[in-house]
Amino acid sequence: MGLLDGLVDLRSDTVTRPSPEMRRAMAEAEVGDDVYGEDPTVRALEETGAALVGQEAALFVPSGTMGNQVAVLTHTQRGDEVFCEAESHIYYYEVGDIAALAGAQPRPIPGSRGRFTAADLRRAVREPNIHFPRPRLVCLENTHNRAGGTVWRPEEVDAVVAAAHELGLVVHLDGARLFNAAVALGVPAERLARGVDSVMFCLSKGLGAPVGSLLCGPADWIERARKERKRLGGGMRQAGILAAAGLYALRHNVERLAEDHANARWLAGQLARIEGLRVDPGSVETNMVLVGVPGPAAAFSQALKERGVLANPSGPETLRLVTHLDVDRAGCERAVEAFRSVTRELAA
Ligand SMILES: *Cc1c(COP(=O)(O)O)cnc(C)c1O
């Protein structure tokens, strides 16, 4: 039994719990010491994951944050400049790691719904000069979390990657929810990672695994990344027990992301009809819905909780709803009822 059983939990797709079938795969996993390279299940997961995003090799890491930071550590030297969208996870939500761990300088680029263009990048990258840091790395995020699960299209990625390479920079793709983007567009994940120098994706979000992310890239680069992971304390031993969940997720839970997207669209459509809420159903691209609420988001969130629905604030008067495999259409219906009830009470 979970502590929050019976509640409709729309705080994040990280709250998903392993299904009985996934747990069985975990229990039956063949394992070994992965720091010695001897865990067959971790190896299988790394090979499978790398192939899905069109890269040679992969590294299993405990979290998306570690995957991103191992990438920054492996791509940069102290004092290098790292370009990232101004509200990107790697800049906004990773505890200042670009500076604190890699000693690199983040340079935020304001985007539009999480995306920026090759022209934006060209404007940000300066000519060499003794005063300037060395421009080195560009980070993209697909889907973009704070923008509300927005999707970069293949040609948008291509244009920024081409500009970055022309300017002598490398590109890391934070694809925590890359499979949501791929399913939303109906293209293989590999197409959205084409040309990038590294890509991270999470198994622990909409894919439903309890733990883990994969950092993917060229084989020699991944060997260097492996060393950085060890330095951070991320070398795991019989991690096959976790990797088995990731393999199960990649085999069974990718295509079903479409259901989460349909639920998010449905939620947005219903909430848009409630007077007092601000929702743009046309802005829902994947599994997130941003809802403008009357008054402080924290108070609204508390009132929803009293009605059995969990949603986190993502701004002073904005809540973020995230659909996932542990919330079905009936759960979404309960959420709409709770929103209706709270809004009515506030209006009274
Ligand atoms: C969740 C997330 C991460 C980090 O993953 P954790 O496993 O929570 O550390 C990185 N990037 C994006 C875009 C995310 O949404």
Side-chain angles (χ1 to χ4, degrees), residues 9-18 45 49 53 58-73 82 84-98 100-102 106 108-109 111 113-116 137-152 157 171-184 189 192-193 196 198-216 225 228-229 232-234 236 239 242-243 245-246 249 257 260-261 264 285-290 312 314 320-324:
D9 196 345
L10 294 163
R11 290 173 301 167
S12 175
D13 46 14
T14 56
V15 302
T16 51
R17 286 176 290 177
L45 173 65
V53 294
L59 183 67
F60 185 45
V61 288
S63 69
T65 300
M66 190 185 285
N68 279 340
Q69 295 309 325
V70 164
V72 174
L73 283 163
V82 176
C84 46
E85 201 279 325
E87 303 234 347
S88 58
H89 194 284
I90 204 167
Y91 176 65
Y92 199 100
Y93 284 126
E94 299 189 11
V95 209
D97 271 355
I98 293 175
L101 295 182
I109 300 177
R113 307 199 71 225
R115 302 184 298 265
F116 56 86
L137 172 64
V138 183
C139 300
L140 311 181
E141 185 173 315
N142 199 8
T143 65
H144 193 287
N145 182 337
R146 276 193 62 78
T150 52
V151 175
W152 286 68
V157 180
V171 179
H172 171 67
L173 171 59
D174 175 349
R177 296 186 181 79
L178 189 66
F179 289 94
N180 290 87
V183 166
L192 296 170
V196 304
S198 58
V199 49
M200 183 283 290
F201 64 86
C202 291
L203 300 158
S204 56
K205 296 191 169 163
L207 297 181
V211 176
S213 298
L214 284 169
L215 176 62
C216 312
E228 296 295 345
R229 182 188 69 173
L232 296 178
M236 298 179 287
L242 299 173
L257 291 170
D260 301 340
H261 301 171
E285 299 184 35
T286 53
N287 67 330
M288 295 188 192
V289 186
L290 297 177
N312 278 340
S314 81
R320 186 188 74 163
L321 309 183
V322 187
T323 55
H324 53 77

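Sequence positions, counted from 1, serve as the residue numbers for this chain. As the structure lists them, so they are numbered: ligands from 1, and atoms in each ligand from 1. What you see is a predicted model; the values in this text were computed from it and never measured.
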Atoms of ligand 1 close to [X] [distance to a heavy atom under 4.0 angstrom, numbered from 1]:
{"X": "Glu141", "value": "13 (C)"}
{"X": "Glu94", "value": "10 (C)"}
{"X": "Ser63", "value": "7 (O), 9 (O)"}
{"X": "Asn68", "value": "10 (C), 11 (N)"}
{"X": "Asn145", "value": "14 (C), 15 (O)"}

Among all protein non-hydrogen atoms, which one is nearest to [atom], and what is the separation to 0.1 Å?
{"atom": "atom 9 (O) of ligand 1", "answer": "Thr65 OG1, 2.6 Å"}
{"atom": "atom 3 (C) of ligand 1", "answer": "Lys205 NZ, 3.2 Å"}
{"atom": "atom 6 (P) of ligand 1", "answer": "Gly64 N, 3.4 Å"}
{"atom": "atom 10 (C) of ligand 1", "answer": "His89 ND1, 3.2 Å"}
{"atom": "atom 11 (N) of ligand 1", "answer": "Asp174 OD2, 2.6 Å"}

(request) Name all residues meeting the side chain to side chain donor-acceptor pair (under 3.5 Å) criterion together with Thr65; count only those two or more places apart in sequence or in a different chain, and write none if there are none. (result)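 Applying side chain to side chain donor-acceptor pair (under 3.5 Å) to Thr65 gives none.
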(request) Please identify each residue that fulfils side chain to side chain donor-acceptor pair (under 3.5 Å) with Glu94, with sequence neighbours left out. (result)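 Glu94 satisfies side chain to side chain donor-acceptor pair (under 3.5 Å) with Asn68, Gln69, His89 once adjacent residues are dropped.
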(message) Can you tell me if Met66 contacts ligand 1 (heavy atom of the residue under 4.0 Å from the ligand)?
(response)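 So Met66 does not count as touching ligand 1.
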Using every non-hydrogen atom in the two residues, find where [X] and [Y] come nearest and quote the distance to one decimal.
{"X": "Ile90", "Y": "Cys139", "result": "CD1-SG, 3.9 Å"}
{"X": "Phe116", "Y": "Leu140", "result": "CZ-CD2, 3.5 Å"}
{"X": "Cys202", "Y": "Gly64", "result": "SG-CA, 3.9 Å"}
{"X": "Phe60", "Y": "Val211", "result": "CZ-O, 4.2 Å"}
{"X": "Met288", "Y": "Ala264", "result": "N-CB, 4.2 Å"}

(request) Between Ala176 and ligand 1, find which residue part has any heavy-atom pair under 4.0 Å and reply side chain, backbone, both or neither. (result)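 The side chain, only.
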(request) Using a 4.0 Å heavy-atom cut-off, say whether Arg177 meets ligand 1 through its side chain, its backbone, both or neither. (result)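 It is the side chain that touches ligand 1; the backbone stays farther off.
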(message) What verdict does the side-chain contact (heavy atoms from CB on, under 4.5 Å) test give for Arg113 and His144, after you've listed the backbone C-alpha separation in whole Å, the side-chain angles of each residue and the deciding distance to 0.1 Å?
(response) CA-CA 8 Å; Arg113 307 199 71 225; His144 193 287; over 6 Å; no
(message) Would Thr143 count as a polar contact of ligand 1, with the cut-off being nitrogen or oxygen pairs under 3.5 Å?
(response)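 For ligand 1, there is no N or O atom that lies under 3.5 Å from one belonging to Thr143.
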(message) Regarding His324 and Asn287, do their side chains bring together a donor and an acceptor under 3.5 Å, going by distance alone?
(response)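 Their side chains do not contain a donor-acceptor pair, so the 3.5 Å distance test is not met.
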